[in-house]
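Shown next, in structure tokens, is the structure this report addresses.
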Amino acid sequence: MADSIVRPVNGHAIEKLHPISPDALDKAPASLVDPVKPLVKRTGPRLHVRTGRAVKRLATHDRTRVAGHLAVRHTGYLVGGTRIVIRRTWDARSAARYERMIRAAEAVGNLDEAKEWEERGQQFRAARHRRRMEMLTSPQQLAKSAVAGTAVGAGLLLGTGIALAVANEDISYVLAPTLFLVDAIRWAVVIGTVVWGVASMVLPWAILAGLWAVGRQMHTAPEWALPASVRSGDGAPITPSIVVTAMRDLGVSALKTAIKEMGDVGAQMLSPIVIAGCGVEVDVHLPSGVSTEEIQNRRRKLAENLNRHEHEVFITIPPSPRTVRLWIADSGALDEPIGPSPLVTDMEMTANYKTGRAPWGQDLRGDAALISLFQKMLLITGLSNQGKTASLRALALWLAFDPKVEFRIGDLKGIGDWAMFKGLATVLIEGPTDEHVAAVTEMAEEAVREMNRRMQSPDGKTAHPIVVIVDEAQVAYGSGAVDDFKIPYGGSKATSRYFRAIKAIHDQGRAVNITTWEGTQDPTNENLPKRSREGNHIRSSLVLGTESQARMAIGDAAIDGGAAPHKLRQGLDKGTVVVAGDGIKLAAGQASVTVRTHYIDEDQANEIADRAKQRRTAVATRNAAEPADEVDHLADIATVLGDAPRMRTQEVIQLLAQRNPVEYRAWTFQDLKAVLQPRGAEPYKSDGVMTVSRDRVLEALNERDRQAELDDGE
């Protein structure tokens, strides 16, 4: 065997290797033959990996992207400009334009206009036929004209030469004009040859430049390749072409086909685009085969096609058949606050329940949203913490400036949202417990009894207005409290005392100026029974979670007409209400209106309430200062009792206040007792409540009259 082998590796000696035979050496793996080779590590990635990374860096570099955008943009300009010029040329040389106009008119159902375009097309074809027939005879006419022109020209040249020869007494001048013309033709050919050479090189580039300019003017490049200054992104003005393109790309096949047949005249579907508040408004007359419901169901896609958010596009159904009305907000405009309420800025604010309108906010067109509250039952609903109480309270604060209006308020939240109405409201209940629900129920039932008394009184229709306000009414509808007879105070069933009272006022209260306003959260059949919600004349809703809730809140007709409180943004559209009903001005055929209400914070509400109290005090003082007839308290009590054998003392006091507010509004049970007790007609307890007997009062009146006769006799 051969001696052991020692090999240096990186300057160091390795252990001796056992010698092997030449045959084994030939069959051994390379790693054994050359032990140094497997010990050498690669110092970097493979060549193809490095190449790929370099290509990726080059492809994703900012300069590469900019260069790619430029290439795509200008190529798009050239291709699009060529397409536009070809189409314009084809339209000018053929009847394609008239055919397209006819299809467009037929697509929108305008048969009169289709007939007019058909007549124009026939006139165009007739004129074109005449021109073509004239071209058949034009060679003969051109030949005759050429012969005649040549003869006349030769005669003129010869005559001119003869005149020059005579004048110069030189016969050579006879051909001078002809030779001059020949020389001019030669120079024209030379110049034309030079110019043609240059033109043949410049003309193609000039044509390309012209096509590029047309494409650039019409922005025919892809949207992403256009410059940021002309890209139709957020805030881009709404134009007819943008609206038509947005409608075409909705995914409605019948609409897309009809618009393609219309070509560039797809804008014929549109009414003029007009400025409406912080946006624009346009009516879109849909072609045959496309329903308004298909457009409404694609509201989000339409908004995105218009480069707007969903909440910035509103779709309503105007009276015109097969038409949708689009209101498109300026980008971001709906996130800007509206101005302060006139209740805050106008220190001389007044209100009139019968003829006035409350300044509630602004509609989407930017016009003041004024709402009439005269004999109107009102419902406002929405998710929690979206501005429901503030919106409802703003209406009550305005109405407080009418001294004739009486408020009876139940706040079933009880955190002081209505505290400023202390001194304004006859009744103010604040709290969420079952005891508070019972008190609110009795307040509503007392309003029902007052309604029944007014219905039987000849002066009932002219009695002072009473507004029963229940905020967080879902607490009452969801309460399980029962009275001593196990009858539920709350609940949504027909056995509920609260439900029956509200329903009774809805049925007949408006005739005698007694109305209810309810505010509730999360409308469901349990939180807001069907018979209760449908008894309201004004139904409004802030943001809601689902379409089914929206239908419960403002009704199917409003939702089918385009109202969409469920499309508002929770937390961002606070105070924005969708209103349906007859208390607010609506366009013809419009089922609802969206109102951005003025926000009045608690400090401002307290200041407004103080001004309303001062106004009421001033009116009461003025009325008290006026001379009045002597009041016969006992006779007034007998009058309000009417035919009732007995009546609760509280009812008697309220009827007296209705009969003579200046005299009796401040009366209490002690005042009533002070009048009746000396006459022997003092109130007594019956069925657990204090009542006044009609017979006792009449007996007291008769006794007083007898005593007066005796006094006169003496």
Side-chain angles (χ1 to χ4, degrees), residues 77-106 113-168 170-215 217-218 220 261-265:
Y77 287 163
L78 183 60
V79 174
T82 303
R83 184 178 65 253
I84 291 173
V85 170
I86 291 174
R87 184 168 186 173
R88 289 175 179 175
T89 304
W90 175 252
D91 285 345
R93 303 296 298 176
S94 69
R97 176 182 301 170
Y98 302 97
E99 295 294 335
R100 191 166 60 250
M101 293 290 189
I102 292 171
R103 289 195 300 270
E106 289 176 345
E113 187 172 352
K115 184 177 180 180
E116 180 181 351
W117 282 112
E118 185 178 7
E119 292 177 355
R120 293 186 182 183
Q122 291 175 352
Q123 294 172 3
F124 171 81
R125 292 186 183 93
R128 183 180 61 184
H129 178 70
R130 286 195 301 270
R131 290 193 300 270
R132 290 176 176 176
M133 295 303 295
E134 291 172 355
M135 290 178 62
L136 296 176
T137 59
S138 60
Q140 301 175 3
Q141 296 176 355
L142 287 175
K144 293 179 180 179
S145 299
V147 171
T150 301
V152 172
L156 288 176
L157 291 174
L158 185 60
T160 303
I162 293 173
L164 291 174
V166 172
N168 294 310
D170 188 352
I171 195 167
S172 62
Y173 280 95
V174 173
L175 297 177
T178 303
L179 295 175
F180 177 79
L181 177 62
V182 171
D183 193 52
I185 292 173
R186 182 176 65 84
W187 280 108
V189 171
V190 172
I191 295 172
T193 302
V194 175
V195 171
W196 175 254
V198 177
S200 62
M201 293 185 294
V202 174
L203 186 60
W205 298 104
I207 293 174
L208 291 176
L211 297 174
W212 175 88
V214 172
Q217 182 181 10
M218 302 302 294
T220 57
E261 290 180 353
M262 297 178 197
D264 288 341
V265 296

> Do the ring planes of Phe124 and Tyr98 sit parallel (below 30°), tilted (30 to 60°) or perpendicular (above 60°)?
Replying inline: tilted

> In Å and rounded to the nearest 0.5 Å, what is the CG to CG distance from Leu179 to Leu157?
Replying inline: 10.0 Å

> Quick one: which of Val79, Ile86, Ile84 gives a side-chain contact (heavy atoms from CB on, under 4.5 Å) with Thr82?
Replying inline: Ile86

> Where do Ala114 and Ile102 come nearest, in terms of heavy atoms and distance?
Replying inline: O-CG1, 3.8 Å

> So how far is it from Asp183 CG to Thr178 OG1, rounded to the nearest 0.5 Å?
Replying inline: 12.5 Å

>> My understanding is that only residues two or more places apart in sequence, or in another chain, count here; which of them pass ring pair (Phe, Tyr, Trp, His ring centres under 6.0 Å) with Tyr173?
In response: none

> From Gln123 CD over to Glu118 CD, what is the distance, rounded to the nearest 0.5 angstrom?
Replying inline: 11.5 Å

> Do you know which two heavy atoms are closest between Arg125 and Ala95, and how far apart they sit?
Replying inline: NH2-CB, 3.7 Å

> Between atom CZ of Arg83 and atom CZ of Arg88, what is the distance when rounded to the nearest 0.5 Å?
Replying inline: 11.5 Å

>> Using 0.5 Å steps for rounding, measure from the CG atom of Leu203 to the CH2 atom of Trp196.
In response: 7.0 Å

> Is the shortest heavy-atom distance from the side chain of Arg131 to the side chain of Met135 under 4.5 Å?
Replying inline: no

>> When you measure from the centre of the six-membered ring of Trp117, is the NZ or CZ of Arg120 closer than 6.0 Å and no more than 45° off the axis?
In response: yes

> Should the heavy atoms of other residues, nucleotides or ligands under 6.0 Å from CG of Leu156 be counted, would the total exceed 12?
Replying inline: yes

> Heavy-atom count around Arg186 CZ within 6.0 Å, excluding the residue itself: above 12?
Replying inline: yes

>> Restricting to non-hydrogen atoms, name the atom on Leu211 and the atom on Leu78 that form the minimum distance, rounded to 0.1 Å.
In response: CB-CD1, 3.9 Å

> Of all heavy-atom pairs between Pro204 and Ala199, which one has the smallest distance, and what is that distance?
Replying inline: CD-O, 4.1 Å

